[in-house]
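Because the structure is a prediction, the values reported are computed rather than measured. Quick note on labels: first sequence line is chain A, next is B, and so on, each numbered from 1.
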Number of protein chains: 2
Amino acid sequence: MSPYDPSAFPPFAVTVDLVVLTVRRHALCALVVRRGEAPFQGRWALPGGFVRADEDLAAAAARELVEETGLCVHDPGSPEPDNGAHLEQLATYGDPKRDPRMRVVSVAHLALAPDLPAPKAGGDANSARWAPVETLMSQEGSGREDEPPAPLAFDHAQILADGVERARSKIEYSSLATAFCPPEFTVGELRRVYEAVWGVALDPRNFHRKVTGTPGFLVPAGGTTTRQGGRPAQLFRAGGATLLNPPMLRPEV
Amino acid sequence: MSPYDPSAFPPFAVTVDLVVLTVRRHALCALVVRRGEAPFQGRWALPGGFVRADEDLAAAAARELVEETGLCVHDPGSPEPDNGAHLEQLATYGDPKRDPRMRVVSVAHLALAPDLPAPKAGGDANSARWAPVETLMSQEGSGREDEPPAPLAFDHAQILADGVERARSKIEYSSLATAFCPPEFTVGELRRVYEAVWGVALDPRNFHRKVTGTPGFLVPAGGTTTRQGGRPAQLFRAGGATLLNPPMLRPEV
DNA sequence: AGAATAGTGTCTATGAGACAGTATGAG
DNA sequence: CTCATACTGTCTCATAGACACTATTCT
């Protein structure tokens, strides 16, 4: 058999799974859905679904994101700051035994979204909710009654860990942290995003000097807000610069 | 239809494609094979093949790498420095029209190898060769008769570009450049790897101070060599450190 | 007034980049 | 000898981190 014979190939199912991250109440949270059917019935899982026959992978991921959150994907070309999310491919998971029913290859995607009111349950899941990644990634689950316990279904714990690590490293050298913020935000709000994603405290003064001193990162939006209390803070929106050079340093030495 | 019904899914073929990079004669080169059959018959393409029914994605990539180059994949756990290559997943390409015959999702992998004598032709390709990425990535191909012309088959030009970009950025903050070197190498040889991959000239003295001053990056192997001419240089092997902090800065501002 | 957050200035340690100068081989 | 490469040392400039200080709001 020629390895390129198109009539002799093992059939695979291809899905997209989504790691949707947001920052809620100073904590990095991921969107999880409760599975309504076997396998792993009743367990929490990442949202996802089959790629359709004539659908690109990115389109499938964007479709699932809309179905689960109502978020539209931000088009990098369009100038207007819709409240769309950032979406990028994460990695592909294809262990032959990752789904007990059949051979499924899942192309995981990472989405970063600003804080949303509440997730709406999609048609293909009993319920959906935001859960702190700290809870989801701990072996035991939290002791609290109202939090979803680990472990996630399938290999979703690994996918989530990879997505969180991608987000944590990517905000170092890119302006991606603004994807967690509303269209207009203050320096303090952006700093709290970094602190929530990295789980560390940053010096507010050095942070302010760093982000306002990087050309193209932030552009003044013209107003001020006092929604955090204290002295009114200038509002910014994300500038055109996507790469941060020199990068924001993650304190951890 | 439930989107999770395992009996109702569109069938996909899943392949792995390989971006195999090495440094030959001060140039970053990629392994390409000439296609022996339609589509794109006679054109150059990245090596690759179908994932088998019970095979993990990484295993399929490692199998293809052995078939094409004879290189075994370096197991990060084993201490002995076999001349294995570095292998990692790159990205997945699934445009519905990327293969005119059928729906094929390709999980591309990136392999970094030391300089090899000559590629052996695999069973599923007429011929294989190393080609400078500069030639492969230019629109026109080189004017020289003995070089493979662009463009590559399928979407392999995009995959190659993504692989090259991954390699270029990853040697900044990791010790991955040593994957291009033989088990024992000199500081100058490692510098020439950086220069070839980035296409820039680096100050030999500052480079030497940087790499020898980073703990765990290089460990002395005990001997010296004079294979580059000039004063004999100390031989090193790659140390245990995989992350470079602070990173090697790519001069380009 | 006191608390909280925003924003500026100043000092210091670290490291990158530039480059002088010495060491040791091949021809 | 010259030439090529290896390696060390020194200077300067940029910047991260620490932190004093002022500004402006709310309760």
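- For residues 211-230 of chain A, the pairs satisfying salt bridge (Lys or Arg N to Asp or Glu O under 4.0 Å) are Glu189(A)-Arg227(A), with sequence neighbours left out.
- Tyr194(A) contributes a side-chain N or O that, together with a main-chain N or O of Ile171(A), makes up a donor-acceptor pair within less than 3.5 Å.
- Remark: His208(A) is not in phosphate contact with dA6(C), judged by side-chain N or O atoms under 4.0 Å from OP1 or OP2.
- In this structure, the side chain of Thr214(A) engages the main chain of Lys210(A) through a donor-acceptor pair within 3.5 Å.
- Screening residues 208-239 of chain A for ring-ring contact (aromatic ring centres under 6.0 Å, His included), with sequence neighbours left out, gives no hits.
- Leu235(A) has its CG atom 15 Å from the C1' atom of dG7(C), to the nearest Å.
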Grab the N/O contacts between the protein and nucleotides 13-19 of chain C below 3.5 Å, and write none if there aren't any.
residue, atom, partner, partner atom, Å
dA16(C), OP1, Lys210(B), NZ, 2.5
dG17(C), N7, Arg209(B), NH2, 3.4
dA18(C), N7, Asn206(B), OD1, 3.3
dA18(C), N7, Asn206(B), ND2, 2.8
dA18(C), N6, Asn206(B), OD1, 3.2
dA18(C), N6, Arg209(B), NH2, 3.2
dC19(C), N4, Asn206(B), OD1, 3.4

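- Contacts between residues 184-202 of chain B and DNA chain C, defined by a heavy-atom separation below 4.0 Å, involve no residue at all.
- No donor-acceptor pair closer than 3.5 Å links the side chain of His26(B) to the backbone N or O of Arg24(B).
- With rounding to whole Å, Phe207(B) atom CZ is found 17 Å from dT8(D) atom C1'.
- Proximity of a side-chain donor or acceptor of His156(A) to a complementary backbone N or O of Leu46(A) within less than 3.5 Å is detected.
- Applying the salt bridge (charged side-chain N to carboxylate O under 4.0 Å, His left out) criterion to Glu165(A), with sequence neighbours excluded, gives Arg250(A).
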Every protein N/O lying under 3.5 Å from an N/O of nucleotides 24-27 of chain D:
residue, atom, partner, partner atom, Å
dT24(D), O2, Arg231(A), N, 3.4

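- Side-chain atoms of Thr22(B) come within 3.5 Å of backbone atoms of Ala113(B) as a donor-acceptor pair (strictly under, hydrogens ignored).
- Formation of a donor-acceptor pair under 3.5 Å by the Arg166(B) side chain with backbone atoms of Leu90(B) is found in this model.
- When side chains are defined from C-beta on, Trp44(A) counts as touching Ser127(A), because their heavy atoms get closer than 4.5 Å.
- At whole-Å resolution of the value, CZ in Phe236(A) and P in dA6(C) are 11 Å apart.
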